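Just so it is clear, the structure is predicted and the values come from calculations on it, not from any experiment. Chain letters run A, B, ... following the sequence lines, proteins first, then strands; residues in each count from 1.
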Amino acid sequence: MQYNHREIEKKWQKYWADHHTFRAKDDFDKPKYYVLDMFPYPSGAGLHVGHPLGYIASDIYARYKRHKGFNVLHPQGYDSFGLPAEQYAIQTGQHPAKTTEANIKTYRRQLDQIGFSFDWSREVRTSNPEYYKWTQWIFIQLFNSWYNKDMDKAEAIDTLIQKFETNGTQGVNAACDDEVIDFSADDWNSFSAEKQQEILLQYRLTFLSDTEVNWCPALGTVLANDEIVNGVSERGGHPVVRKKMTQWSMRISAYAQRLLDGLNTIDWPQPLKDSQTNWIGRSQGAMVSFQVDGHEGEKIDVFTTRPDTIFGVSFMTLAPEHELVPKITTANQKATVEAYVEATAKRSERDRMADVKTISGAFTGAYAIHPFTGDKVEIWIGDYVLASYGTGAVMAVPCGDQRDYDFANHFGIAIPNIFEGADISEEAFADKEKTIITNSDFLNGLSYKKAMKRVIYELEERGIGYGKINYRLRDAVFSRQRYWGEPFPVYYKNGLPQMINAVHLPIELPEVEKYLPTEDGRPPLGNADVWAWNVETNKVVSNNLIDHKTVFPLELNTMPGWAGSSQYFNRYMDPRNSEEIFGKDKIDYWKQVDLYIGGSEHATGHLLYARFWQKFMFDRGFVPVDEFAKKLINQGMILGTSAFVCRLEGENTILSAGKIEGQKVQPIHADVSLVNASDELDIEGFKQWRPEFENAEFITEDDGTFKVSREVEKMSKSKYNVVNPDDICDEYGADALRLFEMFLGPLEQSKPWKTSGISGVYSFLKKLWKLFYSGDELAISDGEPTKDELKTLHKTIKKVEEDIENFSFNTSVSTFMIAVNELTAQKCNKREILEPLLVLISPYAPHIAEELWSTLGHNESISTVAFPVFEQKHLVESTKNYPISFNGK
RNA sequence: GCAGAAGUGGUGGAAUUGGUAGACACGCUGGACUUAAAAUCCAGUGGACAGUAAUGUCCGUGCGGGUUCAAGUCCCGCCUUCUGUACCA
């Protein structure tokens, strides 16, 4: 019998589906293991061979854990709300639900043919109302919570109301808006219900506020900071401008410190932790107030990480957008300042970033009073100070900060030196360790550390400042002006948001005529005719009925992409529960993801928000652990190996790779499917594919072949180097694809794909098959294995087990090859050797393992057969060559 | 600029703890089978030099130093590539 991958792979995929082989059981006595892939967005383009890399790795691990006796949860689903489907809807008028459904079908077919052991009975889709019901539910929980800094956790809003009722704001230590007012218990109790709601909104973990947002006119929506790359939208590369809008926000900043601390408790890659640490951006320093000379009551607050250098302040710089700028600018300087402010406003964010070197600014004519010396210091504006960070103002210490130094130099401002023994003639001195302060009154002679302590003490003593820890992390804007996302369970009464009672969820996305914003600039849901809430019937009703008494308008924004992906890992534990987001017994058993595999591009988006929601859910007692994923691995990218033909410049002559030396040529991408394993181009195929070269002259190598030159690039359609897993599965089979993807190299590294290499693993599978068959006959012996055969088996068990535990899947594939090569040489056909070998191989190449396992007479799937146990005694040698070394050789 | 990762044959990579560098594959070369090709199988394959040959000698893990009986691996200094991030006060 011949190895026929097409037949056996189909057969076993059907068997697994029919027998629900990979269904995770809620068998609470068994040890559990939860393996999860990052939520895929089902794009219209389908999968290329780079996408399944992580899925294959996680699948191997999941199957391995089943062999090891674990109850394995290995689910899959779709992050099915998102921009591309909506953009497509805008262009074609097709409902995004329809295209999403079609894309999911393609995705599912592609995933199925690779033989993954997913428990599809638990599939979730974020765009499914049964699922987003719980996304809306969590939103309501966030709305009904505040952050108690004294307890360092989120609490129900009721506990805050109690505090207000008994003591007012006295003793309340909460994460809240900046401009909250203080009041007594009596005040509170005399406030109108509306006023009380307005105040509470300033404390809730999700809240409405007028925020400066990143507005993308081309996409017609706001974008989160992590959705903007180099000042343009990540998707589409459209320009982004700042704009003030009323938006829902999430008070993630309340969790900044805990998000930072939690990183120490989880086994995630260091680069990923570093980028989260960076994004949170903790810095320790002090707030200092500077009075403005001649403007009674006006002060400039600055945050500084170097309060020890305060005696080196020789000017102040405000961001051009700073609110004080128009107030304090003198008549003399007005024209200059206004011109500068206007010029910076015009410069796009992108220009500002691209052009870091140019120093610009303007003097306001006003002066601030140095809080210690009482000296007058000039107040400047400059665009190197960002309005969005800190207070939008800095105390400039040119001798200790390079940007201040450059600014001072450029405008001829004095640079007083406050560092003992430091040379500041060329550049600023910023070495904290070597700092000794001088020319600084009470700080003279102190080191950085001592001076910090002392100056903060003085600032607090004199009431002009205080020590502070600042975070770069901003509260996350949670509203999107989009159609294809979760609707908010919110209606408006007198302009104040009201939560719909959770028992009436889900609030389903309404039908609209058009998916674009309305003509008067409201979000797409503004096009819906039936989008109002009746508080008596608790139903969504026609807009015509809005009377602001029993029928109210519903929220027009929808939630952002990360809403649905921030708790999906918990929902998988109990995905069909319609009473609760998940049962307590289920979450207590499955607890958290044990192994999470996905790309590093989610470092500061999904992975930060999901950790935030998990901590919130933990605080409120819904989940038992405050980190959702114990271990995380970032799989590397699979790159394409592009093929080029070279055309002689200005002529219609195309040269083979060996003929281009010394010639002026232009490289042209050739489709990789037209190139064979020896880099030879199918010239006729190429001519058909690019008819403009039909009459071109092809200069071949001396042996008559035409060779392309190759280069490793990102896999993309435009580079014609995309390889489709469908083709690979058809020609070589899923087992070969799985083995080859692992064989390419270490999981976490990026590596180039070259289809020619797959013949190696394919012939390995054929050799494995041949161990069982002699000609057409199954030839298996029940005889005693020899010493050598046992040695081969046991060293393979040892190595493969170590490899899987270390996620070193590439090396176990070579180990299999060595084992099969050795057993072939030994002419081994012993059941006692081949059966355990099949179990070893089955996580990697499950179809062939199942097929051979059943031909050995087993009626049950191999998937839960115990993993073979390594025995040291088989590796002991009877004779051994000892290498002897002289001088290390 | 900052942070992280990586530099090993023609190519992907292996060497998990400092102990025979290049496992396993791809490709290439030669051979068998075939009218021929594909497929399959067998042998060889880091470089240089010497020898008819078996074989031997030397050089070799980005570069320059160092530690050690012994370094791809450890230490110091540089170079290059990739990835992330950036006027963050």
From the options [options], select the nucleotide whose nearest atom is closest to the side chain of [X].
X: A:M817; options: B:G12, B:C24, B:A89; value: B:C24
X: A:R472; options: B:C88, B:C87, B:C24; value: B:C88
X: A:Y384; options: B:G13, B:C88, B:C87; value: B:C87
X: A:P746; options: B:C24, B:A3, B:A14; value: B:A14
X: A:S275; options: B:G84, B:C88, B:G4; value: B:G84
X: A:Y389; options: B:C88, B:A25, B:C87; value: B:C88
X: A:T811; options: B:A89, B:A25, B:A14; value: B:A14
X: A:S814; options: B:A23, B:U16, B:A89; value: B:A23

Looking only at the side chains, is there a donor atom on one of A:T391 and A:D301 sitting less than 3.5 Å from an acceptor on the other?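 Side chains of A:T391 and A:D301: no pair found under 3.5 Å.
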
Side-chain ion pair, A:R306 and A:D401, N-O less than 4.0 Å: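 Salt bridge: no.
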
In plain terms, say whether A:K795 and A:E822 are close enough for a salt bridge, that is, a side-chain N and a carboxylate O under 4.0 Å apart.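 A salt bridge is present here (some side-chain N lies under 4.0 Å from a carboxylate O).
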
N/O donor-acceptor pair under 3.5 Å between [X] side chain and [Y] backbone:
X: A:S440; Y: A:I437; answer: no
X: A:D383; Y: A:T344; answer: no
X: A:H322; Y: A:A319; answer: no

Assign [X] to base, sugar-phosphate, or nothing according to its heavy-atom contacts below 4.0 angstrom with the strands shown.
X: A:D274; result: sugar-phosphate
X: A:E802; result: base
X: A:N810; result: sugar-phosphate
X: A:N470; result: nothing

Show each protein N/O and nucleotides 40-46 of chain B N/O combination with a separation under 3.5 Å, one pair to a line.
residue: B:U40; atom: OP1; partner: A:K766; partner atom: NZ; Å: 3.3

[N] and [M]: how far apart are their [atom1] atoms, nearest whole angstrom?
N: B:U16; M: B:G10; atom1: P; value: 23 Å
N: B:G30; M: B:G64; atom1: P; value: 37 Å
N: B:U73; M: B:C24; atom1: P; value: 24 Å

Watson-Crick and G-U pairing of RNA chain B written in dot-bracket, each distance under 3.5 angstrom, with | for inter-strand partners: (((((((..(((......[....)))((((((.......))))))(((((....)))))..(((((..]....))))))))))))....

I'd like to know whether the aromatic ring centres of [X] and [Y] sit less than 6.0 Å apart in this structure.
X: A:F303; Y: A:Y389; answer: no
X: A:F807; Y: A:Y61; answer: yes
X: A:W268; Y: A:Y596; answer: no

When you check the glycosidic angle of B:G9, does it come out syn, meaning within 90° of 0, or anti?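 Base orientation relative to the sugar is syn.
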
Which sits closer to the 5' end of RNA chain B, A:P271 or A:T304, going by the nucleotide each is nearest to?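 Whichever sits nearer the 5' end wins; that is A:P271.
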
Hey, which sits more toward the 5' end of RNA chain B by its nearest nucleotide, A:K707 or A:Q270?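 Looking at RNA chain B, the more 5' nearest nucleotide goes with A:Q270.
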
May I have the distance from A:Q749 (atom CD) to B:G13 (atom P), rounded to whole angstrom?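 One finds 6 Å between P of B:G13 and CD of A:Q749, rounded.
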
What closest approach, in Å, do A:P667 and A:C646 show between heavy atoms, and which atom pair accounts for it?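 For A:P667 and A:C646, the tightest heavy-atom pair comes out as CA-SG, 4.2 Å.
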
